[in-house]
Amino acid sequence: MGDAALRYFLEVVRSGSIAEASVRLNVAASAISRQIAKLEAELGSPLFERRSRGMVPSAAGELLAQHARRTLLGEEQVVSEIRRLRGLERGLVRVGCTEGFATDFMPEAIGMFRHTYPGIAFDMRVAAPQGVTRMVREGEIDIGLTFGFMPDASVQVEFGGSAPLMALVGLDHPLANRPWVTIADIAAFPLGLPAKDTTARQLFDLVCGAEGIAVEPMLTTNYMSGLWRFAETGGGVTVTGRITVLSRIWRFHVVALPLRSKTSNERRYEIQSMLGRTLPDAARAFVFHLRRHLEQLDRPGDQPLGLRS
C-alpha cells in the first residue's frame, strides 16, 4: 500500500466524500477513486459504505484507517527526527584520540561545543596513535585526533599541524631558564619517557640515534600525567609535543623548553576521518570546531612555555 493511497483514503474518511477530499487535497477525484479501488482490490474487501449523505468506513475501512494513521504519524516522526539531526539538535559523535589530547584538550573542546549544541552527545575512546587511525579507518569512530610523522593515505586528513618535541622540567630545575635545550643537555639528568608505541617516544629515539647519543630512561610509562608529575617533582626531564603542552601546562609547575636537534624533530597532529565517507552533520560541525580550537591554541613561536616569575 503506497503512501499516496493511504493519504487519499484517510482524507476520504475524514471528509466523508471523494469530492470533498479532492478539494482538500487538490487532487482529481478520479485519481482518488482509482487509489481507493486499488486498495479494495489488494485487501479483497470494501473499505466504505456508500450512503446518501456520503461515505462511511466499513469495518475493514476502520481497521485500515487505524493502521494508516499510525503509519503516517510514524513517518512524520522520522522526518522530524531527521530534521532535528540536521539542525544539530540531537546526535552522537564518536571520537578517538591519544592520551595527550584526552586529558584536557578533547574534554574542553567537547564542553565548548556543547554550549552551542547541547543536544549532541559524545563517545570518546583513547588509544595509541596507530590505534586511533585504525579505528577511523575501520569506521569504529567518526573522528580521530592523533599524531603521526606524515599524512596517512588510508584515512582522510581533515586538518593537521606541526607538533615538535619539547622538554619538560620543574620550575627549579637547572635547565629551567634556558631558551632551548638539546638532547645532550637533557641526557645529563634523570629522564622519563613515554611508551614505545607513542610517536613522541619514537621521534625521541630517532633523534637520539641520529645524534649518536645513548639515553637510558629512569622511568618509562604509558601514563602521561605520571611523566609530567615526574618532571614537576623529581628533578628529572620528560618530553612531549608542543600542542599537548599548550593544552595542559597550566595544570603543572613545569617549564616546556623547545628541543633543538641536528635532525628534524617534527611530528604532525591530525584530525582524521574515514576515507571517502561523508560525515554526519554533527561530526562535520565538530571537525570545524576542533580545527578552530587547534588554530587558536597552536600559535607560532619558539620560546619556553610555562615559566613563572
What I'd like to find out is whether the side chain of [X] reaches to under 4.5 Å of the side chain of [Y], using heavy atoms alone.
X	Y	value
Phe204	Leu165	yes
Val245	Leu168	yes
Thr103	Met224	no
Leu275	Gln156	yes
Val13	Arg69	yes
Thr98	Thr198	no
Val254	His173	no
Asp152	Val157	no

Would a distance-only check, ignoring hydrogens and angles, find a side-chain to backbone donor-acceptor pair under 3.5 Å from [X] to [Y]?
X	Y	value
Arg94	Glu140	yes
Arg51	Met55	no
Glu270	Gly160	no
Ser162	Arg268	no

* **side-chain contact (heavy atoms from CB on, under 4.5 Å) assessment of Leu259 paired with Val181** => CA-CA 5 Å; Leu259 180 62; Val181 293; 4.0 Å; yes

Decide whether [X] and [Y] are clustered together by the hydrophobic rule: side chain heavy atoms of Ile, Leu, Val, Met, Phe, Trp, Tyr closer than 4.5 Å, transitively.
X	Y	answer
Val237	Val215	yes
Val287	Val93	yes
Val169	Ile183	yes
Ile143	Val132	no
Tyr269	Leu206	no

Measuring from atom [atom1] of [X] to atom [atom2] of [Y], what distance do you get when rounded to the nearest 0.5 angstrom?
X	Y	atom1	atom2	value
His253	Arg229	NE2	CZ	9.5 Å
Thr199	Phe149	OG1	CZ	5.5 Å
Lys38	Arg34	NZ	CZ	11.0 Å
Leu193	Thr238	CG	OG1	6.0 Å
Ile141	Met124	CD1	CE	11.5 Å
Glu11	Leu25	CD	CG	4.5 Å

Shortest non-hydrogen contact from [X] toward [Y]:
X	Y	value
Phe189	Pro174	CE2-CG, 3.9 Å
Ile186	Val239	CD1-CG1, 4.3 Å
Asp185	Thr182	OD2-N, 2.9 Å
Val136	Ser273	CG1-C, 3.2 Å
Leu257	Ala176	CD2-O, 4.0 Å
Gly61	Pro57	C-CB, 4.1 Å

* Please step through side-chain contact (heavy atoms from CB on, under 4.5 Å) for the pair Arg201 and Thr220, ending with a clear verdict. => CA-CA 10 Å; Arg201 175 62 182 274; Thr220 301; 3.8 Å; yes

* Might you work through the side-chain contact (heavy atoms from CB on, under 4.5 Å) test for Leu64 and His67, ending with a clear yes or no? => CA-CA 5 Å; Leu64 180 59; His67 162 76; 4.1 Å; yes

* Got more than 12 heavy atoms from elsewhere within 6.0 Å of CD, Glu216? ->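 Incorrect, the count does not exceed 12.
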
* Asked: Can you tell me if CZ on Arg53 sees more than 12 non-hydrogen neighbours from other groups inside 6.0 Å?
  ->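 No, not enclosed.
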
* Below 4.0 angstrom, N of the basic side chain to O of the carboxylate: do Asp142 and Arg277 qualify? ->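 Salt bridge: yes.
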
* Asked: Salt-bridged, Arg14 to Glu20, with N to O below 4.0 Å?
  ->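 A salt bridge is absent here (no side-chain N lies under 4.0 Å from a carboxylate O).
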
* To do: Determine the interplanar angle of the Phe105 and Phe101 rings, folded into 0 to 90°, and report it as parallel if under 30°, tilted if 30 to 60°, perpendicular if over 60°.
  =>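 If you compare the ring of Phe105 with that of Phe101, the planes turn out perpendicular.
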
* Asked: Can you list the steps and then say if Phe9 with Phe48 is a ring-ring contact (aromatic ring centres under 6.0 Å, His included)?
  -> CA-CA 10 Å; Phe9 165 75; Phe48 291 96; 5.4 Å; yes

* Take Ile243 and Leu294, measure what side-chain contact (heavy atoms from CB on, under 4.5 Å) needs, and give me the verdict at the end. => CA-CA 8 Å; Ile243 195 70; Leu294 285 164; 4.0 Å; yes

* Scan side-chain atoms only and decide if Thr146 and Gln272 contain a donor-acceptor pair under the 3.5 Å cut-off. =>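 No pair is found: no donor N or O on one side chain lies under 3.5 Å from an acceptor on the other.
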
